[in-house]
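Here the structure is laid out as structure tokens; the discussion comes afterwards.
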Amino acid sequence: MTVRAAVRHASVGGCLEASIETRADGATVLRSTEPLGPYPPRLTDHLERWAREVPDRTFVARREAGGAWQRITYAQMLERAMAVGQVLLDRGLSVERPLAILSENSLEHLTLAMGALWAGVPYVPVSPAYSLVSKDHAKLKHILGTVTPGLVFASDASYAKAIEAAVPADTPVVLTRGELPERRVSTFASLLEAKPGAALHAAHAAVGADTIAKFLFTSGSTKEPKGVINTHRMWCANQQMLRQCMRFLAEEPPVLVDWLPWNHTFGGNHNVGITLANGGTLYIDDGKPTPGGIAETLRNLREISPTVYFNVPKGFEEIARAMDTDEQLRRRLFARCRAFMFAGAGLSQAVWEQLDAHGVATIGERLRIITGLGMTETAPSCTFAVGPDTSSGHIGLPVPGVEVKLVPEGDKTEIRFRGPNVMPGYWRAPQQTREAFDEEGFYRTGDAVCWVDPKDPQRGLLFDGRTAEDFKLSTGTFVSVGPLRARIIEAGDPCVQDAVITGINRDSIGALVFPRLDACRRLAGCADSVPAPQVLHHPSVRAFFQDMLDRLAAQSTGSASRLERIHVLAEPPSIDHGELTDKNSINQRAVLKHRASLVDALYEGGSADPFVIEARARK
């Protein structure tokens, strides 16, 4: 049931209205009617400003083992950054030999990043999963082979196997604690002892808007991860765009409680950048949006009231469910929060309305929920939906400074971007760089969009899936994957994590369904130790998925939307195969590639396969 109530005031702008240019070739170009304001050439100009104006304000904090928050102020971070920057120069690091960071989010990680930015040395934050979860370290080897680091940092000796597998013996290694067999390492603490000198001052003075700040690698699916060049201009311009679209960021110093990984653009560019550009405070959340990891996030949110809260849809789903029975969590989360924002995937309308209901129950009004469209190649934000009538699937209008081009691609419309926040290219990949841009310099996203209301373009755009994901059945009927996937996730709440749509060149639509085993276990009354196949075979679980499939089939309007069969997967998504990202989102193409035999069995085995469920015939 939709909750209707006033929305808590959160001053917004910048992406509320767009000019629209319709071209003769069928393309449409959108631009914000608000021009982009000025921004500094270097991200570290923000650090220098706040260290001067509010030296004792906490910039970043993280819980210690005992539970207390260890804090670093702006003045302390500037001092630490300059010491680290001097060490990086002394060790000969450069754009050809950057700093690689294999760590989770940590105070040391952020210190190293700030030091590299200050010295003009690019850094490369790498997913910890490529070191700690991966069995073959293939992606780690590819990334380090692409950037050829001059120094590698890891938090501790748990990274020993990964370092042995992927880091050349002559590459220096720094650890916060621990030792590595047969390899000489430096301690992170020793870096802070360096004294900044003339070389650092000269290097910092040479840093400009086009200096490379870092390399962020895409998750990779059927291809190897690509190294996205992120310049200071991209990062600083995008932060100014965010300030104009979320004006409340400048009205009081933002306070963030955030787990999003810094090797991704949402956590590492968007959220760290918002904190730094606006003189805010970032509390590092060591939780995760998983059944085992959400407890730490809830603990932090019961203690720290954020002024704006960012998460992926899975995180909001877990938090919304927890607030059903946790009054303290509700009160602390809504106490001073001006807005929620999600990215990485679509938030189901059911969870959206659940968050609205909690807001009404706690503060008497809904909290504004912001979303949009952005990506690693655009630093990241390009469009925002900030209005009070925003709902699931909306991505809004262009932010100031970004040009949006809508290009017809068969039955879809691709969205493309051009602006100061768009990458110059992929590192050491000229062919991929050329393929990424059209003849006018617009970045080709591969994302499809459509109008919320074609008669009223100012209502903005809807996300319409990936152009490469949609397909045709053997009958020639076109299947739009994005909306169908969203319907499955919503209908399968709380037992469905995600779904991958099948049916290319076949007679009917099917799906590989990733279940939420914790929810399935609760439904079946099973202990955590019960194996996944046994849980999924339980009559209550089978009945749940059968009912879900029958309801979806009954609601369909034809073969393009009728889901005929599903395979409920006992094996979780694999990071090594590119099926799962750090943000718990599923890569559709990678799943289809690496589970091709299961797709075949879905159509050939039918009801004989114990994991396959078929829709019952309509009455």
Side-chain angles (χ1 to χ4, degrees), residues 60-72 76-77 79-81 83-88 90-93 97-116 121 123-145 147-194 214 217 259 261-263 267-268 283-288 292-293 296 575-576 582:
V60 62
R62 189 187 189 193
R63 283 195 193 275
E64 298 176 301
W69 291 96
Q70 181 182 354
R71 300 169 182 269
I72 299 176
Q76 290 169 336
M77 183 58 84
E79 182 179 354
R80 290 160 68 102
V84 167
Q86 183 64 58
V87 173
L88 300 182
D90 290 344
R91 298 206 179 188
L93 271 68
R97 301 181 67 247
L99 167 68
I101 301 176
L102 309 188
S103 166
E104 72 286 355
N105 297 359
S106 68
L107 303 180
E108 295 81 10
H109 184 151
L110 191 57
T111 297
L112 286 162
M114 292 296 111
V121 173
Y123 69 100
V124 191
V126 182
S127 168
Y130 296 167
S131 297
L132 303 179
V133 179
S134 173
K135 303 300 183 184
D136 59 13
H137 301 113
K139 289 190 176 181
L140 178 63
K141 293 174 184 177
H142 168 75
I143 290 171
L144 298 187
V147 299
T148 59
L151 180 69
V152 172
F153 168 78
S155 55
D156 54 42
S158 64
Y159 288 80
K161 289 184 179 180
I163 291 172
E164 180 182 2
V167 179
D170 59 350
T171 301
V173 174
V174 173
L175 298 180
T176 300
R177 55 194 170 275
E179 298 179 351
L180 298 179
E182 301 180 2
R183 190 187 286 262
R184 184 178 177 182
V185 301
S186 302
T187 65
F188 173 81
S190 69
L191 306 185
L192 302 180
E193 299 171 358
K214 60 173 151 179
F217 276 78
W259 69 271
W262 295 341
N263 55 282
Y283 289 89
I284 297 173
D285 174 17
D286 286 327
K288 294 289 185 293
E296 181 64 17
I575 280 187
D576 279 340
D582 288 357

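Below, each value reflects all heavy atoms present in this structure, side chains not excepted, and no hydrogens, waters or symmetry copies.
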Just by distance, do the side chain of Arg97 and the backbone of Gly92 share a donor-acceptor pair under 3.5 Å?
yes
Here the pair of heavy atoms bringing Leu102 nearest to Ser131 is CD1-OG, 4.1 Å
ask   = Can you check whether Leu192 reaches Thr111 side chain to side chain, under 4.5 Å on heavy atoms?
value = yes
Rounding to 0.5 Å, atoms CZ (Arg71) and CD (Glu64) come to a distance of 10.5 Å
All heavy atoms of Pro149 vs all of Leu144, minimum pair found to be CD-O, 3.3 Å
| field | Steps toward side chain to side chain contact (heavy atoms under 4.5 Å, CB included) verdict (Ser158, Leu132) | value | CA-CA 7 Å; Ser158 64; Leu132 303 179; 3.9 Å; yes
Side chains of Glu108 and Ser155: any donor to acceptor distance under 3.5 Å? no
In short, Lys214 meets Gly268 closest at the heavy-atom pair NZ-O, 3.5 Å
Hits for salt bridge (Lys or Arg N to Asp or Glu O under 4.0 Å) against Asp286, two or more places apart or cross-chain, chain-then-number order -> Arg62
So CG of Asp136 and CG of Asp576: to nearest 0.5 Å the spacing works out to 4.5 Å
Listed pairs under 3.5 Å, donor-acceptor, residues 160-181 side chains, sequence neighbours left out:
none

Exercise. Under a 4.5 Å cut-off applied to non-hydrogen side-chain atoms, are Tyr159 and Val152 in contact?
Worked result: no
Rounded to the nearest 0.5 angstrom, the CZ-CZ distance for Phe188 and Arg80 is 4.5 Å
Hey, does Ser103 have a side-chain heavy atom less than 4.5 Å from the side chain of Trp262? no
Taking everything shown except Glu296 itself, do over 12 heavy atoms lie less than 6.0 Å from its CD? yes
- Query: Does the side chain of Ile575 reach to within under 4.5 Å of the side chain of Tyr130, using non-hydrogen atoms?
  - Reply: yes
Nearest heavy-atom contact between Trp69 and Ile284 is CZ3-O, 3.7 Å
Of Leu107, Val121, Leu191, the one forming a side-chain contact (heavy atoms from CB on, under 4.5 Å) with Leu112 is Leu191
Rounded to the nearest 0.5 angstrom, the NE2-CZ distance for His142 and Phe217 is 5.5 Å
